[in-house]
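Small disclaimer: the values here were computed from a predicted structure and weren't measured. Numbered from 1 within each chain, the chains take letters A, B, ... in sequence-line order.
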Amino acid sequence: MTSFATWNVNSLRVRLPQLVQWLAANPIDVIALQETKLTDAEFPRAEIEAIGYSAAFAGQKTYNGVATLARSPLHDVITELPGGGDPQRRLLAATVDGVRVVNLYVPNGQTVGSDKYAYKLAWLAACETYLRDELAQHRRLLVMGDFNIAPEDRDVHDPKAWEGAVLVSAAEREALRRLFALGLSDLYRRFDQPPQTFSWWDYRQGAYRRNSGLRIDLILGSAAIAADCAFCRIDREPRAWERPSDHAPCTAGFDIS
DNA sequence: ATGGTGGGCAGCCCA
């Protein structure tokens, strides 16, 4: 079994002890991290190597930042969407053990109609073009990260309250559907799952305690790797730890022959 | 309640 995970840690500096704890308890081969909020110079490489992982990272000061940790070497690393021009560090691709792994931190979008929302949709369109190319080159492709989009109403604790809002709006879901249409499937939905399972809960108003969450952290797989997927789950336990990230880690396991 | 909480960095930005 080879296991891949994704986790928006909301500051790797703050969450490093929790990451180390979680990796000690879970046999993870590759983990994609988002919102590291560290420059590359500040990346805790020694601490990561000490627990047996190599790392590739694309960081920036204060905001965003992605990193991919792996027990095997990371090859052919890409740190931005082709064409460049975006100073925000939101994408990191690497090949590990024959699997192309794309780590995404999709823009939040703030509110429908805002400049940040337009940036989100433009970013997703550029990402679609990029992923089409990656799919043409790699039979086994995983795209995982914080998509900042709940794919369907069943991924939303209160669809009526959220109707039309950012993270669930029709244009965002359509952009995500276009990624699926490339030949990527939401691995979580390949299995029976308990209802009302989410990956993110707002820090405010006791959202986690009330399970007022959304499933916005996803693992997408190309057909070849999806066929080998044995499980996909969300581990909500770390969200209940002291001083948690607002996101839970999501894991997919594969029988890769 | 155009609030609420948390991270980062210095009175706001961003989620």
### Query
Which pairs pass salt bridge (Lys or Arg N to Asp or Glu O under 4.0 Å) with one or both residues in residues 109-122 of chain A, sequence neighbours excluded?
K120(A)-E172(A)

### Query
Which ILVMFWY residues can you reach from I28(A) by hopping between side chains whose heavy atoms are under 4.5 Å apart?
W7(A), V9(A), L12(A), L16(A), L19(A), V20(A), W22(A), L23(A), I31(A), L33(A), L38(A), F43(A), I48(A), I51(A), Y53(A), F57(A), L69(A), W241(A)

### Query
With sequence neighbours left out, which residue pairs that include part of residues 72-89 of chain A fulfil the salt bridge (Lys or Arg N to Asp or Glu O under 4.0 Å) condition?
E80(A)-R89(A)

### Task
Round to a whole Å and report the spacing from CD of Q60(A) to P of dC9(B).
11 Å

### Query
What distance, rounded to whole Å, do you find between the two P atoms, one in dT2(B) and one in dG11(B)?
28 Å

### Message
Using the P atom as the point on both nucleotides, what is the distance between dC14(B) and dC9(B), in whole Å?
### Response
14 Å

### Message
Please determine whether the number of non-hydrogen atoms from other residues, nucleotides or ligands lying under 6.0 Å from atom CZ of R132(A) exceeds 12.
### Response
yes

### Task
Can you tell me, in whole Å, how much space there is between the C1' of dG3(B) and that of dA15(B)?
16 Å

### Query
Can you list every pair that meets side-chain hydrogen bond (donor to acceptor under 3.5 Å, both in side chains) and has a residue in residues 148-159 of chain A, with sequence neighbours left out?
E152(A)-R154(A), D153(A)-R173(A), D155(A)-R189(A), D155(A)-R215(A), H157(A)-W162(A)

Would you list the protein and nucleotides 13-15 of chain B atom pairs, both N or O, that sit under 3.5 Å from each other?
from: dC13(B); atom 1: O2; to: Y63(A); atom 2: OH; distance (Å): 3.3
from: dC14(B); atom 1: OP2; to: K116(A); atom 2: NZ; distance (Å): 3.2

### Message
Whole angstroms only, please: what is the NZ-P distance between K61(A) and dG7(B)?
### Response
17 Å

### Query
Among dG7(B), dC9(B), dG4(B), which is the nearest nucleotide to the side chain of V14(A)?
dG7(B)

Would you tabulate the side-chain donor-acceptor contacts of residues 178-185 of chain A under 3.5 Å, counting partners in other chains and residues two or more places apart, or write 'none'?
from: R178(A); atom 1: NE; to: E128(A); atom 2: OE1; distance (Å): 3.4
from: R178(A); atom 1: NH1; to: E174(A); atom 2: OE2; distance (Å): 3.4

### Query
Starting at the 5' end of DNA chain B and moving along, which residue's nearest nucleotide shows up first, Q205(A) or S11(A)?
Q205(A)

### Message
dG7(B), OP1 or OP2 - any side-chain N/O from R15(A) closer than 4.0 Å?
### Response
yes

